[in-house]
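Just so it is clear, the values below take in all heavy atoms, side chains as well, and ignore hydrogens, waters and symmetry mates.
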Amino acid sequence: NDNEHLSTFAELLEVFLEQNPGVKEELMSQPRRLTVLAPTNDAFERFYEEIDVDEDEFRNHTDALEDVMMYHIYQDTLMLPNLSPGDSITMANGENVTFVLHWDGSFVIRDLA
């Protein structure tokens, strides 16, 4: 992993793909464009606090792990220069997200639920 701030996502993605070899085969079986919106390690720490579990518990909860991993995969190319605040897309798990411009100029996603 080249980015230490994204190491939690990278590790969880490896675990998820090991637990679900069919998903890996499906994602890699044909040429397709995917965009991964990987949350930072800090985001995962806040998430674990919010749902009151530790990382090991979360890794072993296969349904929740699958939902979170697929929530961060968009099944097409997403070009950041083409984004505008308020744009929304449907993630691989079927949930809609919208883009919000963060105070530092970056985009963050939030649920439309």
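- Side-chain N or O atoms of Asn41 include one that pairs as donor or acceptor with a backbone N or O of Ser7 at under 3.5 Å.
- Scanning for side chain to side chain contact (heavy atoms under 4.5 Å, CB included) contacts around Asp104 gives His102, Ser106, with sequence neighbours left out.
- With hydrogens and angles disregarded, no donor-acceptor distance shorter than 3.5 Å links the side chain of Thr40 to the backbone of His5.
- A donor-acceptor contact under 3.5 angstrom links the side chains of Asn96 and Thr90, judged on distance only.
- Applying the salt bridge (charged side-chain N to carboxylate O under 4.0 Å, His left out) test to pairs two or more places apart or on separate chains, none has a residue in residues 40-53.
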Test Phe16 against Lys24 for side chain to side chain contact (heavy atoms under 4.5 Å, CB included), laying out the working first.
CA-CA 9 Å; Phe16 168 66; Lys24 184 176 183 177; over 6 Å; no
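- A donor-acceptor distance shorter than 3.5 angstrom exists from the side chain of Glu57 to the backbone of Asp54, with no hydrogens or angles considered.
- No donor-acceptor pair under 3.5 Å is formed between the side chain of Asn20 and the backbone N or O of Gly22.
- With sequence neighbours left out, Pro85 forms a side chain to side chain contact (heavy atoms under 4.5 Å, CB included) with Leu101, Phe107.
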For side chain to side chain contact (heavy atoms under 4.5 Å, CB included), just list the numbers for Ser88 and Val97, CA-CA rounded to whole Å, side-chain angles, deciding distance to a tenth of an Å, and then say yes or no.
CA-CA 5 Å; Ser88 64; Val97 298; over 6 Å; no
Applying side chain to side chain contact (heavy atoms under 4.5 Å, CB included) to Phe47 and Thr8, what does each step give before you reach the verdict?
CA-CA 12 Å; Phe47 173 69; Thr8 300; over 6 Å; no
Side-chain atoms of residues 59-66: list all donor-acceptor pairs with protein atoms under 3.5 Å, sequence neighbours left out, distances to 0.1 Å.
from  : atom 1 : to    : atom 2 : distance (Å)
Arg59 : NE     : Glu55 : OE2    : 3.3
Arg59 : NH2    : Glu11 : OE1    : 3.2
Arg59 : NH2    : Glu55 : OE2    : 2.7
Asn60 : ND2    : Asp56 : O      : 3.0
His61 : ND1    : Ala64 : N      : 3.1

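- For Tyr74, there are no ring-ring contact (aromatic ring centres under 6.0 Å, His included) partners, not counting sequence neighbours.
- Using a 4.5 Å heavy-atom threshold, the side chains of Leu37 and Phe99 count as touching.
- A distance of 11.5 Å separates CE of Met91 from CE of Met69, quoted to the nearest 0.5 Å.
- Counting heavy atoms from C-beta outward, Phe58 and Leu12 have side chains that approach closer than 4.5 Å.
- For the pair Asp67 and Glu95, the minimum side-chain heavy-atom distance is below 4.5 Å.
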Could you go step by step and tell me if Asn93 and His72 meet the side chain to side chain contact (heavy atoms under 4.5 Å, CB included) rule?
CA-CA 8 Å; Asn93 72 344; His72 289 90; over 6 Å; no
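- The side chain to side chain contact (heavy atoms under 4.5 Å, CB included) search around Leu34 returns Leu27, Arg32, Ile73, Gln75, not counting sequence neighbours.
- For Ser84, the side chain to side chain contact (heavy atoms under 4.5 Å, CB included) partners two or more places apart in sequence, or in a different chain, are Asp87.
- Between Tyr48 and Phe44, the ring planes are tilted. Angles from 30° to 60° get that label.
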